[in-house]
A.B. asks: 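Structure in structure tokens, see below.
Every heavy atom of this structure was used, including side-chain atoms; hydrogens, water molecules and symmetry mates were not. Note that ligands are numbered from 1 as they come in the structure, with each ligand's atoms numbered from 1 the same way.
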Amino acid sequence: MTGPNQQAERVQIVDVAPRDGLQADPADLSTAQKVELIQRLVAAGHTRVEAASFVSPKAVPKMADGEAVMAGVPRTAGVSYSALVLNQRGVERAIEAGADEVCGVVVATETFSQANQRASVAESIQRWRAISETARAAGIRTSVTVSAVCGCPYEGRVDADRVLGIVAELAETQPDEVALADTIGVGVPTQVAALFEGAAQQAPGIVLRGHFHNTRNTALANIAAAIDTGVRVFDSSLGGVGGCPFAPRATGNVATEEVVYMVHEMGFDTGLDLDALIEASAWLEDQLGHGVPSLVAKAGGFPQPR
Ligand code: COA
Ligand code: ZN
């Protein structure tokens, strides 16, 4: 907790709105709108943004302009842009486009893995090994997300030991970070705490990151549970936009402004300006042409005395 002379402990937030947020939204933002979104995120204090994905444009048409987005982002000192990649072609495109970090994905279940990246879990771990070597050789950061860790849209419940086995295999590649993702927003705090405690044992010394969707309104509770286990890095998306084109009925990521509100009130520092985020969230609604799920965007931050 913060006292007068104590520095608040940091929670770091990666805004994934430009990628996870936009890839499944019904709206088609132009490259210029995506770049402006990223500018607004950086202006609000973000130092990590998931800016693009370099995947097949046939599989995810909305991310086809990754190169152009990366060419337009503000190159502010201390700001790092990550890009999602799933194969060798993707990592090469990401390096060429000037990504600071590549983020790979390994899905925890076979059916979803096939639907998402047309590969078995073992094959996608192999692909990640190659991606990671290429990225490391190019001197950029590597992170890998284990997806569907709390439940799968096709297979239902997911065995925690299966998830932890994948974490252990990925830890061998010594990524800068391993993320656990509740891709379809089914997880609950007890489950999330157990997964992160297990992951910390399987990946000693590797930073863990949480990625939660708010599909069943459990995302903030899950973040609080993960914080209790020591996790200090989370993905979220401005406004709570998002989804997954390959996960039926998946909805948005937890909203950045909701996470920021909660962790600030808990006494953590994020380096983010909540008012600027709320303003950016209203701007994003206008661009998308539809409302965003965030409640903090509607309610505002903590009321000031009047
Ligand atoms: N960038 C651009 N194009 C790519 C690509 C990349 N990284 N990887 C593959 N492609 C193209 C190929 O050129 C090929 O195009 P063609 O049909 O015109 O010849 C086509 O995609 C299929 O390529 P292939 O190597 O056979 O891959 P695949 O069919 O086994 O598909 C993935 C595997 C992973 C490339 C593809 O399923 C994909 O990109 N999925 C997107 C998943 C995603 O983004 N999910 C959401 C986030 S987790
Ligand atoms: Zn996601």
Side-chain angles (χ1 to χ4, degrees), residues 13-25 49-70 82-97 99 102-109 111-128 130-131 134-135 143-154 179-187 209-216 218-219 222-223 234-256 259 293:
I13 297 187
V14 183
D15 208 300
V16 300
R19 200 284 301 173
D20 208 10
L22 295 183
Q23 72 173 7
D25 196 277
V49 176
E50 191 181 60
S53 67
F54 293 102
V55 298
S56 162
K58 276 191 208 142
V60 187
K62 284 173 203 279
M63 293 289 115
D65 60 349
E67 278 85 358
V69 170
M70 287 299 301
S82 63
L84 185 140
V85 303
L86 297 172
N87 57 16
Q88 194 58 29
R89 171 103 178 268
V91 65
E92 283 161 13
R93 287 176 63 202
I95 292 166
E96 181 69 27
V102 290
C103 181
V105 175
V106 172
V107 183
T109 60
T111 321
F112 192 12
S113 182
Q114 286 294 345
N116 190 59
Q117 54 220 70
R118 293 209 240 170
S120 68
V121 175
E123 279 163 349
S124 79
I125 293 173
Q126 274 315 109
R127 285 183 194 175
W128 166 252
I131 290 167
T134 304
S143 75
V144 59
T145 295
V146 187
S147 192
V149 298
C150 296
C152 168
Y154 303 99
L180 298 186
D182 181 10
T183 312
I184 58 165
V186 287
R209 189 172 90 240
H211 178 107
F212 297 101
H213 285 252
N214 198 33
T215 317
R216 290 167 184 80
T218 56
N222 290 339
I223 289 175
F234 296 95
D235 289 344
S236 62
S237 84
L238 186 71
V241 294
C244 173
F246 308 99
R249 287 186 292 178
T251 54
N253 296 85
V254 64
T256 302
V259 180

A.B. asks: Quick one: look at V55 and ligand 1, take heavy-atom pairs under 4.0 Å, and tell me if it's side chain, backbone, both or neither.
C.D. replies: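 The answer is both, backbone and side chain.
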A.B. asks: For atom 17 (O) of ligand 1, which candidate among K58, K62, Q117 holds the nearest heavy atom?
C.D. replies: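 Result: the heavy atom closest to atom 17 (O) of ligand 1 is in K58.
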A.B. asks: Could you tell me the separation between the CG atom of D182 and the CZ atom of R216, rounded to the nearest 0.5 Å?
C.D. replies: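 One finds 8.5 Å between CG of D182 and CZ of R216.
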A.B. asks: Can you sort out which atoms of ligand 1 are near R19, meaning under 4.0 Å from one of its heavy atoms?
C.D. replies: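 Numbered from 1, ligand 1 contributes 47 (C).
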A.B. asks: About how many Å separate CG of N87 and CH2 of W128, when rounded to the nearest 0.5 Å?
C.D. replies: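 Answer for the CH2-CG pair, W128 versus N87, is 12.5 Å.
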A.B. asks: Going by the order shown, which atoms of ligand 1 are within less than 4.0 Å of some heavy atom of R93?
C.D. replies: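 Near R93, the atoms of ligand 1 are 1 (N), 2 (C), 6 (C).
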A.B. asks: Is there a side-chain contact between T145 and C103 (heavy atoms, below 4.5 Å)?
C.D. replies: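 Yes, their side chains come closer than 4.5 Å.
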A.B. asks: So, the side chain of S147 versus the backbone of A181: is there a donor-acceptor pair under 3.5 Å, distance only?
C.D. replies: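 Checked: no pair found.
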A.B. asks: Among E92, M63, R89, Q114, which one has a heavy atom closest to atom 6 (C) of ligand 1?
C.D. replies: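 Heavy atom nearest to atom 6 (C) of ligand 1 belongs to R89.
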A.B. asks: Suppose I only count heavy atoms of G90 and a 4.0 Å limit; which atoms of ligand 1 are within that range?
C.D. replies: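 Here the atoms of ligand 1 in question are 7 (N).
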A.B. asks: Report the part of S56 (side chain from C-beta onward, or backbone N, CA, C, O) that has a heavy atom under 4.0 Å from ligand 1; answer both or neither where that applies.
C.D. replies: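 Both the backbone and the side chain of S56 come within reach of ligand 1.
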A.B. asks: What is the distance from atom CD of E123 to atom CZ of R127, rounded to the nearest 0.5 Å?
C.D. replies: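 The CD atom of E123 sits 6.0 Å away from the CZ atom of R127.
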A.B. asks: Check whether any protein heavy atom sits under 4.0 Å from atom 14 (C) of ligand 1.
C.D. replies: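 Under the 4.0 Å cut-off, atom 14 (C) of ligand 1 has no protein heavy-atom neighbours at all.
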A.B. asks: With heavy-atom distances below 4.0 Å as the criterion, list the atoms of ligand 1 near V60.
C.D. replies: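 Atoms satisfying the 4.0 Å criterion: 41 (C), 43 (C), 44 (O).
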A.B. asks: Drop me the distance from E96's CD to F54's CZ, to the nearest 0.5 angstrom.
C.D. replies: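 Reported value, rounded in 0.5 Å steps: 10.0 Å.
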A.B. asks: Considering only the protein, which heavy-atom contact is closest to atom 38 (C) of ligand 1, and what is its distance?
C.D. replies: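 Scanning the protein heavy atoms, the shortest distance from atom 38 (C) of ligand 1 goes to A59 CB, 3.7 Å.
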A.B. asks: Where the side chain of K62 meets the backbone of D25, is there a donor-acceptor pair that is under 3.5 Å apart?
C.D. replies: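 Yes, K62 side chain to D25 backbone: donor-acceptor pair under 3.5 Å.
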A.B. asks: Would you say atom 25 (O) of ligand 1 has a protein heavy atom nearer than 4.0 Å?
C.D. replies: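 Protein heavy atoms within 4.0 Å of atom 25 (O) of ligand 1 - there are none.
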A.B. asks: Within the side chain of S113, is there an N or O that forms a donor-acceptor pair under 3.5 Å with the backbone of A119?
C.D. replies: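 Present.
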A.B. asks: For ligand 1, which part of E123 has a heavy atom less than 4.0 Å away: the side chain, the backbone, both, or neither?
C.D. replies: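 It is neither part, as no heavy atom is under 4.0 Å.
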A.B. asks: Give every protein N, O or S atom lying under 2.8 Å from the Zn ion (ligand 2), naming each by residue and atom.
C.D. replies: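 You should have found D20 OD2, H211 NE2, H213 NE2.
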A.B. asks: Near N87, which atoms of ligand 1 are under 4.0 Å from a heavy atom of that residue?
C.D. replies: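 Listed by number with element, the hits are 5 (C), 7 (N), 8 (N), 9 (C), 35 (C).
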A.B. asks: Answer yes if the side chains of Q88 and T134 hold a donor-acceptor pair under 3.5 Å, and no otherwise.
C.D. replies: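 Judged by distance alone, the side chains do pair up.
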A.B. asks: Indicate whether atom 19 (O) of ligand 1 is within a distance of less than 4.0 angstrom of some protein heavy atom.
C.D. replies: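 Protein heavy atoms within 4.0 Å of atom 19 (O) of ligand 1 - there are none.
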A.B. asks: Any non-hydrogen atom of Q88 lying under 4.0 Å from ligand 1?
C.D. replies: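 The answer is no: ligand 1 sits nowhere under 4.0 Å from a heavy atom of Q88.
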A.B. asks: Does some side-chain heavy atom of P18 sit less than 4.5 Å from a side-chain heavy atom of V49?
C.D. replies: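 They are in contact (side-chain heavy atoms under 4.5 Å apart), so the answer is yes.
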A.B. asks: Rounded at 0.5 Å granularity, tell me how far CE in M63 sits from CG in D20.
C.D. replies: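 That separation rounds to 9.0 Å.
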A.B. asks: Among V85, T183, N116, T145, which one puts a heavy atom closest to atom 45 (N) of ligand 1?
C.D. replies: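 When every heavy atom of V85, T183, N116, T145 is considered, N116 comes closest to atom 45 (N) of ligand 1.
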A.B. asks: With the threshold set at under 4.0 angstrom, would you say P57 reaches ligand 1 through any of its heavy atoms?
C.D. replies: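 Flag set, P57 near ligand 1.
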A.B. asks: Would you confirm whether any non-hydrogen atom of the protein falls under 4.0 Å from atom 4 (C) of ligand 1?
C.D. replies: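 So far as the 4.0 Å threshold goes, atom 4 (C) of ligand 1 is in reach of a protein heavy atom.
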A.B. asks: Taking the side chain as C-beta and beyond, is there a heavy-atom pair between D235 and E50 under 4.5 Å?
C.D. replies: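 They are not in contact (no side-chain heavy atoms under 4.5 Å apart), so the answer is no.
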A.B. asks: Near R118, which atoms of ligand 1 are under 4.0 Å from a heavy atom of that residue?
C.D. replies: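 In order of number, 29 (O), 30 (O).
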A.B. asks: I need the minimum non-hydrogen distance between N253 and G242, along with the two atoms involved.
C.D. replies: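 So the two residues come closest at OD1-CA, 3.9 Å.
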A.B. asks: To the closest 0.5 Å, what do you measure between OG (S53) and CG (L86)?
C.D. replies: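 That separation rounds to 7.5 Å.
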A.B. asks: Tell me whether N222 contacts the main-chain N or O of T218 through its side chain, where contact means a donor paired with an acceptor under 3.5 Å.
C.D. replies: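 Answer holds: yes.
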